[in-house]
Amino acid sequence: MATLRASIEVPGRAHMNDKTSAVRVRFAPSPTGYLHLGGARTALFNWLFARGQGGTMILRVEDTDAERNKPELVGGILDGLEWLGVGWDEGPFYQSGRTELYRAAAKKCLANGAAFLCYCPAEKYVGGDHEEESSEGPQLRRVTRCACRQGRPATPGGKPAVRFKVPLGGTTRFLDAVFGEREFSNDEIEDFVLLRSGKDDQEFGQSMYQLGVVVDDIDMRITHVIRGADHLSNTPKQVLLYRALGAEPPVFAHVPLILGPDKSRLSKRHGATDVNMYRAEGFLPEAFRNFLALLGWSPGGDEEFLRTKDLLRKFSLEGVSRTNAVFDRPKLEWFNTQYLQKLPIQELLPEVENELKRSGLWKPEWAAPGADGRDHAWLSKTVDLLRPRIRLLPDFSSWSRAFFSDEFTRDAAAKEKFWTDPRVPELLGRLADRLEALAEWNHDACDHASRAVAEAGGVKAGLLINATRVAIVGQAVAPPLFDTMVVLGQQRVVSRLRDAVASFAKA
RNA sequence: GGCCCGGUAGAGUAACUGGUUAACUCGUCACCCUUUCAAGGUGAAGAUUACGGGUUCGAUUCCCGUCCGGGCUACCA
C-alpha cells in the first residue's frame, strides 16, 4: 500500500498532550454488510487525519461474531475503500485470527480482579437492564449486578463467559476531541461480556466487541480513535478496560452520524447507501470524497469545492460538528458536475476511457498520445466539448454515444420537437450538399454555410440548427452545433445528414 | 423505561473566548446569455437561530425546563 511518509512532528493539541508519538488511526469495519455511507465517511476522516499529519492508517476487520459475519463481504468493503482512494499502511488485520490475544487479555482481567466468570445462560442473566412487567406494563429497570461477580453463581453449571466487573459507584471520564470532556456514572454501566462462553471442549469462546477493540487498539498503538457517535455510549466501558489492562486510553473523536432525508437513521430504505453503488452509477471518486468530507465537518471558510489536497491540508478534528448530518443526493450530484467540468482534462480522460471500455465504445487509437497524437487530441477535445453537459460518467456512452460511434439512434422526442416543420428534409439535404463542398472545415465555415442555407430557404437559422443537431447526434440536447460539427468531421456530418433525409423518405 | 448526545432557512455548514443588517454552498424561483440543454452571470424568496423561562446593558452563543430527533442499554459491532 501507500508508503509511509517519515513521521514528522505531530501538530497536536496542547490539551491532548500527545507526547511525540506519531498519529496512528484505524478504520475497523465489520463484515456484516457492505461499506455504507457512514462507514465510508468515517474511513475518510481517519484517512484525512492520518495523511494530513504524516501518520499511519490501519485497517482492521472486526469479525468476531461467527454468526453474523459474512466473509464474502470483505472484498466489497475493500473495493469500496479503494475506489474512495482511502488507502492504508498496515493490515488488513482480522480479529478472527487474533483470538489468543483476547483470551490472554481476558485472563489478565480475571487474574487482577477486573473481571469475573459468569455462569448465567445468556437468557437468564440477571444483571443488566432487563425488561420487567409492572402495573403500568413492561418497564425496564436499572442496572443490577449478577451474583456471579461475587463468585456465587446464581445458576451453577455450564460454561462460563467472562464479564467485566464494573466498579460500584464512581464515574468514568474521558476526553473526546469532538464532544469534549465526558463523564459517565459507573452505576449505569452493566457488567458487559468480554469473552463468550466456550462451545464443546473450548474453555472460552470468541471475544466480544468491547474487548477486541481495546486489546487491538492497545496492541496497534492507536493514538486517535475516530469513529461514529453511535459508539459514544460504549466508550466508558472501553476506558474501564484500558485501565484494567494497564494502558492509557487514546484520544477519542466521535463523529456525528449521517441520517436519511427524513432524519431517521440512514438505511437501505433510503436508497443507495452502499458506496459501491455510487461507483457503479458513475460518480467521480474525488467528487464523492469532497461531498462526504463536508458531512459533519467544515473547513470554516466559504470554500466548498475542495480537492483532495485541500481536504488533506484543512482537515482537523476541531472542525467536526456534533450534529447529525442529512445525506443530500442533489448536492452530491452538483459536486460531480463541478468536478466533471473543472478537472484538468488529463485527469478526467482515464475515467472516460474506463467508461467507454465498459460500454464497448472505446477505440485503442484514442489511448495516450501515440505516433502523431491526433486521435488522442481528438478525444481530449471531444470530451472537453461534452463535459459541461455530463452529470455522470455513463452519460459519455449513452447521451453522447453519437460522438464515439456511428451506431446511434435518433431520440423520438427530439424528432418530435425539431423535425416537425415540413421544410426540414429539404433543408437538411441542401445543407449536406453545401457542407460537402466546403474546402475548409471549421466552426466559422460551418456556421456561414448553415446560415446561408437557412436564409436561402427562408427560415430562421434556429430551425435548421436544431433540426441538424437531431440529424447528426440524435439528441435534442448536445453541445453547440458548429463545435459538434468540427469534432465529428465533414464526411461524417454529411453522411448523417443524408441518412436523416433518407429516413424521412422511408417514413 | 434508564443513561447519553444533539436541535441555525428544505439540505450541508459559518458566525474568535456572548456584542448589535445571522454569512456561504446545494436546492427553489426570476431575469440575462442563447442554436437545444446544461454551464455561467445577476437577483429574489426562504430563519421570530425548536419552544418557554432565566442570567446579562446585551444571547444563536451561558443556565433550567419542555418538545422533537438520534445513540446506547446483546454471549451484535
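Since this is a predicted model, take the numbers as computed values, not measurements. Hydrogens, waters and symmetry mates play no part in the numbers below; they use all other heavy atoms, side chains included. Each chain gets a letter, A, B and so on, in the order the sequences are listed, and its residues count up from 1.
Base-pair partner of B:G43: B:C29 (Watson-Crick or G-U wobble, both distances under 3.5 Å). With both pairing distances under 3.5 Å, B:U49 is matched to nothing as a Watson-Crick or G-U wobble pair. With a cut-off of 3.5 Å on both Watson-Crick or G-U wobble distances, the partner of B:G7 is given as B:C67. Base pairing analysis places B:C62 opposite B:G54; the two distances defining the Watson-Crick or G-U wobble pair are each below 3.5 Å. The partner of B:A23 is B:U13, judged by Watson-Crick or G-U wobble contacts that both fall below 3.5 Å. The pairing partner recorded for B:A74 is none, the criterion being a Watson-Crick or G-U wobble arrangement whose two distances lie under 3.5 angstrom.
By the 6.0 Å contact criterion, CD on A:Gln202 is enclosed, its count of non-hydrogen atoms from other residues, nucleotides or ligands being greater than 12. For A:Glu67, the CD atom is loosely surrounded, since the number of other residues' heavy atoms within 6.0 Å does not exceed 12.
Regarding contacts with the backbone of B:U35, every side-chain N or O of A:Arg469 stays at 4.0 angstrom or more from both OP1 and OP2. OP1 or OP2 of B:A77 has at least one side-chain nitrogen or oxygen of A:Arg196 nearer than 4.0 Å. An OP1 or OP2 oxygen of B:G40 is reached within less than 4.0 angstrom by a side-chain nitrogen or oxygen of A:Gln338. For the OP1/OP2 pair of B:G12 and a distance below 4.0 Å, the side-chain nitrogens and oxygens of A:Ser298 include no atom meeting the criterion. Under 4.0 angstrom from either OP1 or OP2 of B:C4 there lies no side-chain N or O belonging to A:Arg182. For the OP1/OP2 pair of B:C75 and a distance below 4.0 Å, the side-chain nitrogens and oxygens of A:Arg163 include at least one atom meeting the criterion. Between B:C75 and A:Lys159, no contact under 4.0 Å exists linking OP1 or OP2 to a side-chain N or O.
Within 3.5 Å, no donor on the side chain of A:Arg322 pairs with an acceptor on the base of B:C5, nor the reverse. Remark: the A:Ser197 side chain and the B:C75 base include a donor-acceptor N/O pair separated by less than 3.5 Å. Counting distance only, with no hydrogens placed and no angle test, the side-chain atoms of A:Lys331 and the base atoms of B:U25 include a donor-acceptor pair under 3.5 Å. Remark: the A:Asn234 side chain and the B:A77 base include a donor-acceptor N/O pair separated by less than 3.5 Å.
Per the geometry, CD belonging to A:Glu67 stands 11 Å off P belonging to B:A77, to the nearest Å. Between A:Leu259 atom CG and B:C68 atom P there is a gap of 17 Å when expressed in whole angstrom units. Remark: C1' of B:A11 and CG of A:Leu295 are 10 Å apart, rounded to the nearest angstrom. B:G40 atom P lies 7 Å from atom NZ of A:Lys342, rounded to whole Å. Following rounding to the nearest Å, A:Leu195 (CG) and B:A74 (P) show an atom-to-atom distance of 18 Å. Rounded to an integer number of Å, the gap from CG of A:Asn324 to P of B:C72 is 11 Å.
Ion pairing of A:Arg430 with A:Glu426 is present here, as a side-chain N (NZ or NE/NH1/NH2) and a carboxylate O approach within less than 4.0 Å.
One C1' atom belongs to B:A47, the other to B:G12, and the distance between them is 16 Å to the nearest Å.
Checked against side-chain hydrogen bond (donor to acceptor under 3.5 Å, both in side chains), A:Arg434 has no partners two or more places apart in sequence or in another chain.
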List the steps, then state whether ring-ring contact (aromatic ring centres under 6.0 Å, His included) holds for A:Phe305 with A:Tyr339.
CA-CA 9 Å; A:Phe305 183 85; A:Tyr339 275 84; 4.5 Å; yes
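Of the N and O atoms on the side chains of A:Asp262 and A:His270, at least one donor lies less than 3.5 Å from an acceptor on the other residue.
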